[in-house]
There are 2 protein chains.
Amino acid sequence: MKSTIYDVARAAGVSIAAVSQVINGKGKISEERRAEIVRVMEQLNYKPSVIAAALTGKKTYTLGLLIPDISNPFFAEIARAVEDQVDFHGYSLVICSTDNKDERVERYLSLLQQKSVDGIIIGTGIDNKEMLDTLIAKSVPVAMIARELPGDAVLTVVVDDYAGGRLAARHLLDLGHTRMAVLSEHTKVSSSRERIRGFQDELTEAGLDLPEYMVKTSGRDLVKDGKRLASELLRYAERPTALFCCTDLLAIGALQAAKEMEVQVPTELSIVGFDNTILASVTDPSLTTIAQPMEQMGKLVVDLILDKQQESPPNGTKRMVLKPELVVRQSTGRPLL
Amino acid sequence: MKSTIYDVARAAGVSIAAVSQVINGKGKISEERRAEIVRVMEQLNYKPSVIAAALTGKKTYTLGLLIPDISNPFFAEIARAVEDQVDFHGYSLVICSTDNKDERVERYLSLLQQKSVDGIIIGTGIDNKEMLDTLIAKSVPVAMIARELPGDAVLTVVVDDYAGGRLAARHLLDLGHTRMAVLSEHTKVSSSRERIRGFQDELTEAGLDLPEYMVKTSGRDLVKDGKRLASELLRYAERPTALFCCTDLLAIGALQAAKEMEVQVPTELSIVGFDNTILASVTDPSLTTIAQPMEQMGKLVVDLILDKQQESPPNGTKRMVLKPELVVRQSTGRPLL
DNA sequence: TTGAAAGCGATACCAT
DNA sequence: ATGGTATCGCTTTCAA
């Protein structure tokens, strides 16, 4: 059976208050008593109940993490970074894969609330912004990672998606491409929108156009849809010589399509991904991609939501934007003339 | 502010007992009262506290999942399967990446206990078996997934690792290989041991030997170590023509080593992985590997630990062994003569 | 220093 | 049918 604070108190011949004190290292107790109580606790293998403590107003030491899909390597890596930092502060992490479905988001948000988590980190799109307001009204800390909310007021850690889009475009322009296409996630994903906007702006400044039929939007299964959409693009009479994919997963789909249609990468088609997940380094050819500093991002949101910033980011900072980086591998090259 | 059962009772002009009844759909209340109470609950945006309910003996509706690393695609996919089924039953999942470190395992196990989770699913090696006994003594349900414990008595869902090893060996033997090597995870990982044993037995039966210097053991960073160890093997005067890797991650490292040393795969070196993660399908060449039915495994452990088996697996079943499957891709072929 | 007692939010038994 | 109340395990005044 599980032993309670009462068991310990009884066995040590003291009051539960005394035991509570040594658990929390507060108050004043003589060294002897404390030692004896500690001894008894160990002997009984006593572990204070977080549940009971939480009920008295203390924290649950649990954070929730909402992401589209934990089996997506990008989010798995984000989750790992978050978990490490969360653990560092003595908290646990509840994982919630939403598949970007509003219904799931809603259910999870409600669930986490009922479980009185000490904060919710969101890395998935939120349509129904009301829900967040409800949370905030109940003073549940909320922070966004890798995704933004229209308004603000919510702690946010993102990479500069717009700059990332520009980086990708710049790279392709430098290589001499002029006919480019884009594979996007569902447009309700804020980061994708920004990436495309950046990509587009860079092209425009270079005097290039990005016609609408060169931009394809995917559904939930990134790899499969990426493959399907890329084949469509590759069937155009005037097919693109370069493809910017809003995530590595989409790029992998594109890679598969190219292979299947016997279109050489990068000779006949250059492909740029986004995220720099482990996948980018193992594909063939390996993937040129825009890297996000996932580890740093994870660490940052946690410190932010827990209000434990070590550094001196101007206190009260609500929004941190990190720099993306171009990682050139083998999937991009000069277009054939 | 958060509203409590008292707020609802007051606003509805009833007792908290009545409110409790409608929450749990138990007891007897007139339809009018129930309707009124429901109305008030919604109006106040009231969500019953799982914490408080748990304290009165109800469940926390939370399960823990211990795995080596959530950013490892294999475990990420397992986690997703587990999460889906857990969610299906109305539970949440706490993720714990242990890096296979005893110290972390211990901490997490203790933490989950304090949080009164309703069960712990373990997919990581457990050295200190005492700890599990302690858990079981406190009647915390425990189940193993993709990993085994020496004794038994613990619910377990695994793939037949031994058969998987044999499958790999059979495939390579059929192709005509005679000089083979193995890349293993740390030997304290039970599944790796079994895979090697199966591989070895199949070779032995074919009259082949697997000398000790042909078996290399990796540390924590599977990809990097896989690469390093594979290079070592490839530097042998009589280097192996085929390599069996206990996980896809190791195989990827091997692939990288081969590429770097300009050893052609599969012409000069055949590589077989294990797990059939998404990675196996995107490498170049794509990876021949032994597939584990991850989704099914995840679903099974959850139903087992929650005691909600739909099917009729002879009640009281403690150990379920699923069949691995050989997936042939491009990383294996006949050896050069 | 130490302990008694009042909550925290919900459940469940027992009267009414 | 409905409500009063003890109880869960722990924290936190407040007296002693």
Side-chain angles (χ1 to χ4, degrees), chain A residues 1-38 40-41 44-62 110-111 113-118 138-140, chain B residues 1-38 40-41 44-62 110-111 113-118 138-140:
Chain A
M1 270 314 299
K2 277 196 150 193
S3 37
T4 74
I5 198 172
Y6 289 96
D7 302 324
V8 176
R10 194 176 325 113
V14 299
S15 73
I16 59 167
V19 179
S20 177
Q21 306 223 54
V22 355
I23 292 174
N24 299 290
K26 294 183 178 175
K28 293 118 194 342
I29 330 178
S30 61
E31 199 38 62
E32 346 164 27
R33 270 171 120 51
R34 138 171 259 96
E36 168 64 3
I37 291 175
V38 168
V40 174
M41 294 200 307
L44 264 51
N45 198 294
Y46 167 75
K47 301 257 175 24
S49 157
V50 173
I51 298 290
L55 194 53
T56 74
K58 292 193 51 165
K59 303 190 251 184
T60 52
Y61 291 97
T62 300
S110 170
L111 215 73
Q113 215 180 119
Q114 296 193 35
K115 298 203 173 165
S116 314
V117 296
D118 299 326
K138 298 196 179 181
S139 55
V140 178
Chain B
M1 270 317 300
K2 277 196 151 195
S3 37
T4 75
I5 197 172
Y6 290 96
D7 301 326
V8 176
R10 195 176 325 115
V14 300
S15 73
I16 60 167
V19 179
S20 178
Q21 308 222 61
V22 355
I23 292 174
N24 299 290
K26 294 183 178 176
K28 294 118 194 343
I29 330 178
S30 61
E31 199 37 62
E32 346 164 27
R33 271 171 119 52
R34 135 171 262 95
E36 168 64 1
I37 291 176
V38 168
V40 174
M41 293 201 305
L44 263 51
N45 199 292
Y46 165 75
K47 302 254 172 25
S49 157
V50 173
I51 297 290
L55 193 55
T56 75
K58 292 193 52 165
K59 303 190 253 184
T60 51
Y61 291 96
T62 301
S110 170
L111 215 73
Q113 216 180 116
Q114 296 194 35
K115 299 202 173 164
S116 313
V117 295
D118 300 325
K138 297 195 179 180
S139 56
V140 178

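Every chain is numbered from 1 and lettered A, B, ... according to where its sequence line falls, protein lines coming before strand lines.
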Side-chain donor-acceptor distances from residues 7-19 of chain B under 3.5 Å, at least two apart:
residue: B/D7; atom: OD2; partner: B/T4; partner atom: N; Å: 2.7
residue: B/S15; atom: OG; partner: B/A17; partner atom: N; Å: 3.3
residue: B/S15; atom: OG; partner: B/A18; partner atom: N; Å: 3.2

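The residue B/S49 sits close only to the backbone: its heavy atoms come under 4.0 Å of sugar-phosphate atoms, none of a base. Nucleic acid contact for B/V19: none, since no nucleic acid atom lies under 4.0 Å from a heavy atom of the residue. The residue B/I16 sits close to a base: some heavy atom pair falls under 4.0 Å.
Closest to the B/Y6 side chain, of the nucleotides C/dG9, C/dT2, C/dG3, is C/dG9. If you check C/dT11, D/dA1, D/dC10 against the side chain of A/Y46, the one that comes closest is D/dC10. Listed nucleotides: D/dC10, C/dG3, D/dT2. Nearest to the side chain of A/A18: C/dG3. The side chain of B/R33 approaches D/dA1 more closely than any other nucleotide in the set D/dA1, C/dA10, D/dG4. Among the nucleotides D/dT11, C/dG3, D/dT2, the one closest to the side chain of A/I23 is D/dT11. When each of C/dG9, D/dG4, D/dT11 is scored by its nearest atom to the side-chain atoms of B/S15, the top-ranked nucleotide is D/dG4. In this structure, of D/dT2, C/dT2, C/dA12, it is D/dT2 that holds the atom nearest to the side chain of B/S30.
B/D7 has its CG atom 13 Å from the C1' atom of C/dC8, to the nearest Å. Here D/dT12 presents its P atom at 10 Å from CD of A/Q21, a figure rounded to the nearest Å. Whole-Å rounding puts the A/K28 NZ to C/dG3 C1' distance at 16 Å. Taking atom NZ on B/K115 and atom P on D/dC10, their separation rounds to 15 Å, with Å as the unit. Rounded to an integer number of Å, the gap from A/K47 NZ to D/dC10 C1' is 17 Å.
Residues A/K2 and A/N45 have side chains that never bring a donor and an acceptor to within less than 3.5 angstrom of each other.
Side-chain nitrogen and oxygen atoms of B/K26 include at least one within less than 4.0 Å of the OP1 or OP2 phosphate oxygen of C/dA12.
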Requested in this report: Carefully, step by step, assess B/Q114 and A/S49 under the rule side-chain contact (heavy atoms from CB on, under 4.5 Å).
Outcome: CA-CA 5 Å; B/Q114 296 194 35; A/S49 157; over 6 Å; no
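Residues B/M41 and B/I5 have side chains not in contact (no heavy-atom distance under 4.5 Å, counting atoms from C-beta outward). In this structure, A/I23 and A/Y46 have side chains that are in contact, with non-hydrogen atoms separated by less than 4.5 Å. Annotation: side chain of A/K28 is not in contact with side chain of A/Q21 (no heavy-atom distance under 4.5 Å). Here the side chains of A/I51 and B/K115 are not in contact, with every heavy-atom distance at 4.5 Å or above.
Nearer the 5' end of DNA chain D, as judged by each residue's closest nucleotide, is the contact made by B/V14, out of B/V14 and A/A52.
If you check residues 53-62 of chain A against DNA chain C, the residues with a heavy atom closer than 4.0 Å are A/L55, A/T56, listed by number.
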